Protein chains: 2
Amino acid sequence: MATQTDPTPRIPLTRERVLRAAITLADAGGIEALSMRRLGQELGVEAMSLYNHVANKDDVLDGMVDAVVGEINDIVSEIEMPSGDWVTAARRRILSARSVLLRHPWAPGVLESRTNMTAPMLRYFDGLIGLVREAGFSVDLTHHAMHALGSRALGFTQELYDDSDDLSDEAMMMFLQQMSGEYPHLVGMVQEISHDDDSTLGWCDDQTEFEFALDLILDGLERLRAAG
Amino acid sequence: MATQTDPTPRIPLTRERVLRAAITLADAGGIEALSMRRLGQELGVEAMSLYNHVANKDDVLDGMVDAVVGEINDIVSEIEMPSGDWVTAARRRILSARSVLLRHPWAPGVLESRTNMTAPMLRYFDGLIGLVREAGFSVDLTHHAMHALGSRALGFTQELYDDSDDLSDEAMMMFLQQMSGEYPHLVGMVQEISHDDDSTLGWCDDQTEFEFALDLILDGLERLRAAG
DNA sequence: ACCTGAACACCGTTCAAGT
DNA sequence: ACCTGAACACCGTTCAAGT
């Protein structure tokens, strides 16, 4: 008898495991799929047991964000930096951060709902600040730069319009025809753009638009740096 | 007898009144203070009665956003436009939009949570698109410009860090001292900036930072237009 | 036509009770 | 030390019943 091991020994619940399960849940079903009860269920435990390892749901969300930003920091720290070209260096960091966030679509929304900076975020921004300071940015310009980049520094911007469930091409054309009276400039733009493009899919390439705006800002900042 | 009017005749419930009450509630207590039950209570009615005038809570949120964007459209349509200077014209529109949103602090968050464009938003963007097209923007540059501005076109950007409940000056200095080892660049920046500034209040002026980023983007776009 | 009360199916969180 | 069951105080929403 004595200490015969259980046939399926229960892995002990830890904060780590809770957060990992929460991220998996959110990755798969979106953030609205994440409830304390569902999370407990996923871990084979009652929801109330979770409170032995996390303070509350906000603590879970904080932990999830920290894990994702930690993932970003891991990648960024391995990037080799071309010295003397801060624009390329910053660009690489930011696009790397973006690639991580694309795997966690819920992360931007949760990130924006947290108002306090946590250690991993401080670390990320400390690195970016160091980069531009080394490139000769004044303290003031550095400060403005961080605000101008905002969430874009971490690789995301909230889109105001989601074209993921857009109309078919024919339905779209009919819709535009009807709307051209009220919104002539908008409809004109959409029609011309979708005409140029052969793709049946959405007419906005988020990656292209993100990079366009990023380059616009980085170029502007470089101009201000050079002007002194 | 007959139709003697009630001493306090009840104003009939309408969608309009429901939305107005919802906005008042959110302006005063934040968006988390808005529940269907609280809203009914405010209107002297059971929560369930609201469903005779709005489809559901999402419909309420949609209506609230439309009302605010409508307010923006009203102001923007009255602005006189200096012809031939699209940068100034766009700047005025956007800062006007911002001034409206500052009176409805809940609006940015709700705006971002809506993924479908509604009539007032389409109208706002149609106007902005018309403005830059008239200034000689190509269709492609116009499209990029709208994405680059993003929510900034409507006068807001989500800040990643809220310094509204910041530490006192002394506490801040001690905190920075402790953190300078881990985040040397960040701490260095904050220390230098707060040293330059006499204000005891938060060290970031949101309005200044918003305008800096806006001008950076507008100038970049103007450069691309001119290069053309 | 509009409003209500009761009910349903969910939340996050507490607390005393179990082992 | 950790987990549980019951309970509390909230949600949004439905539906049959009232007037």
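All figures in this text were calculated on a predicted structure; none of them were measured in a lab. Naming: A, B, ... by sequence-line order, numbering from 1 per chain.
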Checklist outcome for this item: By the Watson-Crick or G-U definition, both distances under 3.5 Å, C:dT13 is matched with D:dA7
Checklist entry - Now, which nucleotide makes the Watson-Crick or G-U wobble pair with D:dC2, with each of the two distances under 3.5 Å? => result C:dG18
Next on the checklist: Tell me the interatomic distance from A:M48, atom CE, to D:dA6, atom C1', rounded to whole angstroms.
Outcome noted: 9 Å
Item to check | With A:R114, the salt bridge (charged side-chain N to carboxylate O under 4.0 Å, His left out) member among A:D59, A:D66, A:D58 | outcome: A:D58
Checklist entry - How close or far is atom P of D:dA1 from atom CG of A:N52, stated in whole angstroms? => result 11 Å
Next on the checklist: Measure CG/A:L34 against P/C:dC11 and give the value in whole Å, please.
Outcome noted: 10 Å
Checklist entry - Hey, is the side chain of B:H53 poking within less than 4.0 Å of OP1 or OP2 on C:dC3, counting only N and O atoms? => result yes
Next on the checklist: Nearest 0.5 angstrom please: B:M146 CE to B:F125 CZ, how far?
Outcome noted: 7.5 Å
Checklist entry - Nearest-Å distance, CG (B:L43) to C1' (C:dC3)? => result 13 Å
Checklist entry - A:R37 has a side chain; which of D:dT13, C:dG12, D:dT4 sits nearest to it? => result C:dG12
Next on the checklist: Expressed as a whole number of angstroms, how long is the span from A:K57:NZ to C:dT13:C1'?
Outcome noted: 12 Å
Checklist outcome for this item: Separation of C:dA6 atom P from B:E46 atom CD, nearest Å, is 10 Å
Checklist entry - Can you check whether B:L122 reaches A:E182 side chain to side chain, under 4.5 Å on heavy atoms? => result no
Next on the checklist: Is A:S49 close enough to D:dT4 that one of its side-chain N or O atoms is under 4.0 Å from OP1 or OP2 there?
Outcome noted: yes
Checklist entry - Between A:R152 and A:F210, is NZ or CZ placed under 6.0 angstrom from the six-membered ring centre and within 45° of the ring axis? => result yes
Checklist entry - Would you say A:L154 and A:L149 make side-chain contact, with heavy atoms under 4.5 Å? => result no
Next on the checklist: Side chain of B:Y51 only, heavy atoms from C-beta on: which candidate in D:dT13, D:dA6, D:dC11 is closest?
Outcome noted: D:dT13
Item to check | Shortest side-chain distance from B:L13, nucleotide among C:dC3, C:dT13, D:dT13 | outcome: C:dC3
Item to check | Protein-nucleotide distance (A:M36, atom CE; C:dT13, atom C1'), rounded to Å | outcome: 9 Å
Give every pair of a protein N or O atom and an N or O atom of nucleotides 16-19 of chain C that lie under 3.5 Å apart, one pair per line with the distance.
none

Next on the checklist: Any salt bridge linking B:R103 with B:E71? Criterion: basic side-chain nitrogen under 4.0 Å from a carboxylate oxygen.
Outcome noted: yes
Checklist entry - B:Q41 CD to D:dC10 P: how many Å, rounded? => result 11 Å
Next on the checklist: With rounding to the nearest 0.5 angstrom, report the CE to NE2 distance, A:M64 to A:H104.
Outcome noted: 9.5 Å
